Amino acid sequence: GDSVTQTEGLVTLTEGLPVMLNCTYQSTYSPFLFWYVQHLNEAPKLLLKSFTDNKRPEHQGFHATLHKSSSSFHLQKSSAQLSDSALYYCACNNAGAKLTFGGGTRLTVRP
Amino acid sequence: EAAVTQSPRNKVAVTGGKVTLSCNQTNNHNNMYWYRQDTGHGLRLIHYSYGAGSTEKGDIPDGYKASRPSQENFSLILELATPSQTSVYFCASGEQGANTEVFFGKGTRLTVV
């Protein structure tokens, strides 16, 4: 089955610095990739998604480029804000129903 | 915005007891899901459903059953609750298709003592 790996469980950085959260995946086919964000005491919600190789969707200042050659979909932002502190999940779906999540990365942005 | 409602929001159960977690969605989505969330493990899929009457095993189905009696409702059943099932459970729904967004409920915090 599919699997998603997020190598960092915790990331702490200072406001204004760039953000990069890693995501790699293993899948038999060519899946759709997603980033979901979960703020404290809230439900996870979609941040952005992609299927097209080397295309860079953006939302709320975040972007991620799907690289099928390296099976990666890293999340980036040029300048972190305090409000970006949250739990971020990378996920993939290639079978139409089964959405598989990674272990999550908790991002903490400090002043 | 899609509405997914879970009940109860918090539950304390005794070991060996039966627990039913309920989920209702009002957006006529075909697919519904139950995940559990644990630190270090992320969101893990327990059961999912393609529509009324169907249930499928996810990645960690042992100790759990699911029921989808209608398009709107999807329940997760723990017949014999154990302390290892203490977790936060999320229900979600989405339309068919690999590229579609999934909408989550606010979660149920279950503690088994």
Side-chain angles (χ1 to χ4, degrees), chain A residues 1-10 21-52 55 57 59 66 73 86-108, chain B residues 1-7 9-10 23-25 27 29-51 54-61 66 68 74 87-109:
Chain A
D2 296 343
S3 66
V4 177
T5 301
Q6 296 179 245
T7 52
E8 312 102 346
L10 296 168
L21 306 183
N22 292 318
C23 173
T24 56
Y25 64 92
Q26 286 188 311
S27 180
T28 306
Y29 304 105
S30 188
F32 280 86
L33 271 294
F34 304 81
W35 277 100
Y36 281 78
V37 58
Q38 183 183 16
H39 287 94
L40 193 62
N41 296 323
E42 294 184 7
K45 59 184 179 181
L46 180 67
L47 183 59
L48 46 80
K49 65 180 180 181
S50 183
F51 177 73
T52 306
K55 190 171 181 181
H59 186 63
L66 178 57
F73 191 54
L87 186 55
Y88 291 82
Y89 285 107
C90 184
C92 74
N93 187 343
N94 72 15
K98 192 175 175 185
L99 184 61
T100 300
F101 286 85
T105 298
R106 182 168 296 282
L107 174 65
T108 301
Chain B
E1 174 126 337
V4 180
T5 305
Q6 294 181 231
S7 62
R9 294 293 316 282
N10 290 280
C23 179
N24 175 274
Q25 55 101 358
N27 293 281
H29 287 160
N30 287 326
N31 296 342
M32 294 188 75
Y33 310 82
W34 277 106
Y35 289 90
R36 62 177 285 176
Q37 181 181 49
D38 302 285
T39 303
H41 293 281
L43 288 163
R44 292 182 289 174
L45 183 63
I46 306 170
H47 284 288
Y48 60 105
S49 169
Y50 292 108
S54 94
T55 59
E56 305 289 336
K57 293 182 179 180
D59 297 319
I60 55 163
R68 183 87 182 269
F74 191 39
S87 186
V88 179
Y89 292 85
F90 284 96
C91 177
S93 74
E95 295 179 355
Q96 285 198 308
N99 64 332
T100 61
E101 179 178 359
V102 166
F103 297 88
F104 285 85
K106 293 186 176 181
T108 295
R109 184 173 296 276

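Bear in mind that the values here come from a model prediction, so they are computed numbers and not experimental data. Letters A, B, ... mirror the listed sequences (proteins, then strands); counts begin at 1.
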Stepwise side-chain contact (heavy atoms from CB on, under 4.5 Å) check, A:Gln38 with B:Phe90: CA-CA 12 Å; A:Gln38 183 183 16; B:Phe90 284 96; 3.3 Å; yes

Ignoring hydrogens and angles, tell me if any N or O in the side chain of A:Tyr36 forms a donor-acceptor pair with the backbone of B:Val102 under 3.5 Å.
yes

Rounded to the nearest 0.5 Å, the CG atom of B:Asn99 sits from the OG atom of A:Ser50 at a distance of 11.0 Å

side-chain contact (heavy atoms from CB on, under 4.5 Å) evaluation trace for A:Arg106 with B:Thr39: CA-CA 10 Å; A:Arg106 182 168 296 282; B:Thr39 303; over 6 Å; no

Interatomic distance, CG@B:Leu45 vs CG@A:Asp2, rounded to 0.5 Å, equals 11.5 Å

Whatever's closer than 4.5 Å to a heavy atom in chain A on B:Glu56 counts as neither

Comparing A:Gly103, A:Pro44, A:Gly104, A:Gly9 against chain B, the one with the most heavy-atom pairs below 4.5 Å turns out to be A:Pro44

Checklist entry - With no hydrogens and no angle check, is any side-chain donor or acceptor of B:Lys106 less than 3.5 Å from a backbone partner on A:Glu42? => result no

Distance col, row A:Leu48:CG vs B:Glu101:CD, nearest 0.5 angstrom, shows 11.0 Å

Other residues, nucleotides and ligands only: do more than 12 of their heavy atoms fall within 6.0 Å of CD on A:Glu8? yes

Closest non-hydrogen contact found for A:Ala43 with B:Gly105 is CB-O, 3.0 Å

Bottom line for A:Tyr89: the part with an atom under 4.5 Å from chain B's heavy atoms is side chain

So, the part of A:Gln6 with a heavy atom under 4.5 Å from chain B: the answer is neither

dist A:Lys49:NZ -> B:Thr100:OG1 (nearest 0.5 Å) comes out at 7.0 Å

Distance col, row B:Tyr35:OH vs A:Leu99:CG, nearest 0.5 angstrom, shows 4.0 Å

NZ (A:Lys98) and OH (B:Tyr48) are apart, to the nearest 0.5 Å, by 5.5 Å

So, the part of A:Leu33 with a heavy atom under 4.5 Å from chain B: the answer is neither

